[in-house]
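Note sheet for the following structure.
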Amino acid sequence: MKATPYISFEDISREIIELGGKGIYKCYQCGSCTATCAIAEGMFISFRRVIKYAQLGLLDKLQKDLVPWLCNVHGDCIAACPRDANPCEILAALRRYQSTLYDWTGLSRWWYYSSLKKKLLTIIILSAISIVGLLALFYSTIMNYLSMNIFVNIPGLLPIGIPVVLFSIGLLISNGYRMYKFIGGGKDYIVSFFDAFKRVLSFWIKSENEALRIPDKRIRILEHMLILAGIILYIFLALLYLVYPPAYSSYPFNYVLMISRYVAALFLVIGAGLPFVKRLSRSPKIHWYYKLFRHSTDWVGLGFVFAIGLTGLLMNIFNDLHIYSISYVLYILHIGIVFPFLILEVPFGKHNHWLYKSIANYVSARRGLIRGEVLE
Amino acid sequence: MRYLSKPVLVVGGGIAGIQATIDLAEQGIEVYLVEKNPSIGGKMAQLDKTFPTLDCASCILTPKMAALLRYSNVKLLTYSEVQEVRGRAGDFTVKVLKKPRYVDWNKCTGCGTCVERCPVKVPDVYNVNLSQRKAIYIEYPQAVPRKAVIDYANCLRLNPPPDLREKAKGRPLCGACEKVCPAKAIDYGQQPEIIELNVAAIILATGVELYDARNIPEYGYGKFQNVYTHLEFERLISSTGPTNGHLLRRSDGKTPRKIAWIQCVGSRDIRFNHYCSAFCCMAATKQAIIAKEHVPDVETIIYYMDMRAFGKGFYEFYRRAVTEYGVKYVRGKVVKITEKPDSKNLVLFYEDTLHSYMMKDEFDMVVLSVAIRPNKVASFPVKTDKGGFVQLMDPYLDTVSTTMEGIFVIGGAAEARDIPDSVVMASAAAIKAATIARKAELSQPITIRGEAS
């Protein structure tokens, strides 16, 4: 890992502002945000300090700091700030900035700084490549199945799909490993593995439980859980469908799996669709969370999930209605969306936050940053 | 005696107004000093000691207050308010409402017998509602003028509550003060008077009031008994205050062992007041030192964002507090205060920004350094800025003149500042006002910038 050079503070601050942290020059380092934060109350961390690093342009310190990934976006800091600098948005911009630092290919940096139009164009091109490739390889197979009036998944897809998935996950994990090395993972550990695991779990459950008790914060936590549950269920069902299709026709699993297919698709559609509607709404009564700045990567990340869920849902509906011509079209469209999702979004886009958050929580727990007893 | 100038009006009898009046009176100019409270003195009369020298505030203020009475060309109009201002520089027509004291000024000797006999007790604003006074009262022992005044709203005789009025059936409810006054000075029939003055210049010294800390519910002011404002704490440690200078807390009357000062409560905050209140960093340091003098083993911690030591000797004062008195300073803004129900102690939530993690601390007593807000100057034809302070003519070369020629502004009404700066402004405004007053008398031309219709 080469040491990164110092660049002037204006460059970093300008990039943070471009990524959504408009208030970065307003902060006068009072510490109100960290004092109100429920996460900071339970850990020996300070995110006010990270904002100072960004203000001063200390690139090497920003690279090493894992604190932005511990944020659960409760939003208490926004009301506490006496300068209206919106530390929540600055921290989100710092997360985006750090994603571009961890990635060794440089594609993440290109993805984050390109405009929404460029992103959509790239997605359409990749989508078209995958659809054309799919049709070129499997047109006859599909026509065969259609003439027999059945819907079966394309058998040849598996040996092509699995390497793509492995490649995408591999890229993500390589970036995750680079992050682990940057933040000094493996050094200064004072808590054992199992102890750290227990502490993280209990701390997360406690802090999210407290947030759920506040009606203001409940709704967006539930939406996020819907998306998470939908994605996990979807991965499980898709793998099952690709690896062991007979499970879908044997009794009684076929009914269970049919319901699960719809449940997964609905979770994704509702979990990703609701935020879309709320984020675009101009009504003054809308929850503050939806009025936060959304970068183009956020729109694209959400759009992917919504599109995958929608095409999956429609595909299942037309399948059960036995209109296989349309369901095959939707299936091809579905694959066309999953392909750029795997190639671009998972390793380089917003969706990599699950890995970075997990690594950050693990490392901070093992370093003993989680407070054992309640501060009196 | 003929004065070689037209009179000048000074509005507000705090230290700034008093200094301006003295400077003008020394030149032989006739001065009207209008003050809305029964006595002059202002905020400085409520202080115990001043920074950075720890001089007793009353000891340096009261000689100036007493000196005012010696000048025959100073007309003191206390318990009065300015209603309306018309005209232009050199020729202002001012309507002043003299509120009735119900006590004959010329007969009252300030002996205080009426105060002892009065049956009504109300919260004492001079002691920031920490103690009570009577409906007839003398504001504080060193009041100038030392004359009693009846608070109309709370007097049983002048303003009886409706249910008692029915029972009395037309007979007066009380007359205790009139009965006992040895000078026969009580006059229940006094009426408010409107006086019209013709002055050449006006000096605004209307001063400041404290921002209501109840607007910031996170600090629990008003709910938690042991949370004070800095003015309340100042009264606590004063020997003329509600506890005679003993440091005792409200909930159980015990001496606190650990006191915290929270800076920037409502100041430097765009949700409340965007400006800095300037004096409170030094005031908290001063109060911590005085607390240490009263109770030598008390632990004092000041929670600040920046330590603003902007004047002469201020930084040395701050260092003296750290090295000589052992006052502790923590850089971190306190965001929340909770109370422990059994001991009524307070827990402060803050981030220690020099160690970079969030902390909680328990204290017996908490003092909030609340922001100051300028008093309203609506009856004057001057512009005010975003914070409510009077807008100055030129921020560099003329910081006592307002946008209206002939009206000057000094002290807290212009911006948040301390005593030395206010006094300097007062002398500066006095000479400028004197120039206009002389020119008006000798019919010399005055440049006119603005006219109040």
Side-chain angles (χ1 to χ4, degrees), chain A residues 22-23 25-53 55-56 58 61 64-68 70-71 74-87 91 203 207 364 367-376, chain B residues 211 213 215-219 258 260 262-277 281 302-308 329-340 342-343 345-363 368-371:
Chain A
K22 315 191 281 288
Y25 281 130
K26 286 192 200 171
C27 170
Y28 58 17
Q29 296 284 299
C30 66
S32 299
C33 49
T34 317
T36 30
C37 179
I39 306 277
E41 195 174 335
M43 296 179 94
F44 292 107
I45 54 145
S46 157
F47 60 92
R48 170 207 52 86
R49 195 170 61 168
V50 191
I51 298 179
K52 187 66 176 176
Y53 291 156
Q55 281 180 336
L56 292 174
L58 302 173
K61 289 228 188 284
K64 281 195 281 197
D65 209 305
L66 53 76
V67 173
L70 302 172
C71 172
H74 290 150
D76 290 320
C77 50
I78 304 177
C81 180
R83 296 271 283 173
D84 210 17
N86 207 323
L91 216 58
F203 179 57
S207 69
S364 59
R367 285 213 193 123
L369 293 182
I370 299 184
R371 296 194 220 242
E373 48 301 308
V374 176
L375 262 191
E376 262 312 311
Chain B
Y211 184 68
N215 289 332
I216 316 173
E218 291 92 41
Y219 293 120
K258 211 169 159 188
I262 301 178
Q263 303 302 104
C264 302
V265 172
S267 299
R268 300 180 67 191
D269 197 325
I270 63 169
R271 300 166 294 174
F272 309 111
N273 304 299
H274 65 278
Y275 50 84
C276 167
S277 294
C281 277
I302 301 183
Y303 292 91
Y304 67 98
M305 291 207 284
D306 293 298
M307 210 58 209
R308 299 208 152 168
Y329 288 84
V330 172
R331 189 185 184 277
K333 181 160 202 256
V334 172
V335 289
K336 198 170 66 163
I337 301 182
T338 56
E339 192 185 37
K340 289 194 142 169
D342 43 341
S343 58
N345 284 350
L346 302 148
V347 178
L348 269 53
F349 290 63
Y350 63 97
E351 183 201 352
D352 183 343
T353 58
L354 298 176
H355 287 99
S356 293
Y357 44 73
M358 187 238 177
M359 296 281 290
K360 292 186 218 174
D361 255 348
E362 186 179 331
F363 287 92
L368 303 175
S369 293
V370 288

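Bear in mind the structure is a predicted one, so any value in this text is a computation, not a measurement. Lettering of chains follows the sequences in order, A, B, ..., and the numbering in each one begins at 1.
- Proximity to chain B is absent for every atom of A/Phe47, based on heavy atoms less than 4.5 angstrom apart.
- When all heavy atoms are compared, the tightest approach of A/Ala35 to B/Val335 is CB-CG2, 3.5 Å.
- How far NZ of A/Lys26 is from CD1 of B/Ile270: 6.0 Å, rounded to the nearest 0.5 Å.
- Using a distance-only test at 3.5 Å, with no hydrogens or angles considered, a donor-acceptor pair links the side chain of A/Tyr28 to the main chain of B/Arg268.
- Within a 6.0 Å sphere centred on NE2 of B/His274, other residues, nucleotides and ligands contribute more than 12 heavy atoms.
- Note on A/Ala40, A/Pro82, A/Cys37, A/Ser32: by heavy-atom pairs under 4.5 Å with chain B, the leading option is A/Pro82.
- Expressed to the nearest 0.5 Å, how far NZ of B/Lys333 lies from CD of A/Gln29 amounts to 14.5 Å.
- Summarising the geometry of B/Arg271 relative to A/Cys81, their closest heavy-atom pair is NE-O, 3.9 Å, with the distance given to 0.1 Å.
- Note that SG of A/Cys30 is 13.5 Å distant from CD of B/Gln263, once rounded to the nearest 0.5 Å.
- For B/Arg331, the part lying under 4.5 angstrom from a heavy atom of chain A is the side chain only.
- For the 3.5 Å distance criterion, the side chains of A/Ser46 and B/Glu351 qualify, holding a donor opposite an acceptor.
- Proximity to chain B is absent for every atom of A/Cys33, based on heavy atoms less than 4.5 angstrom apart.
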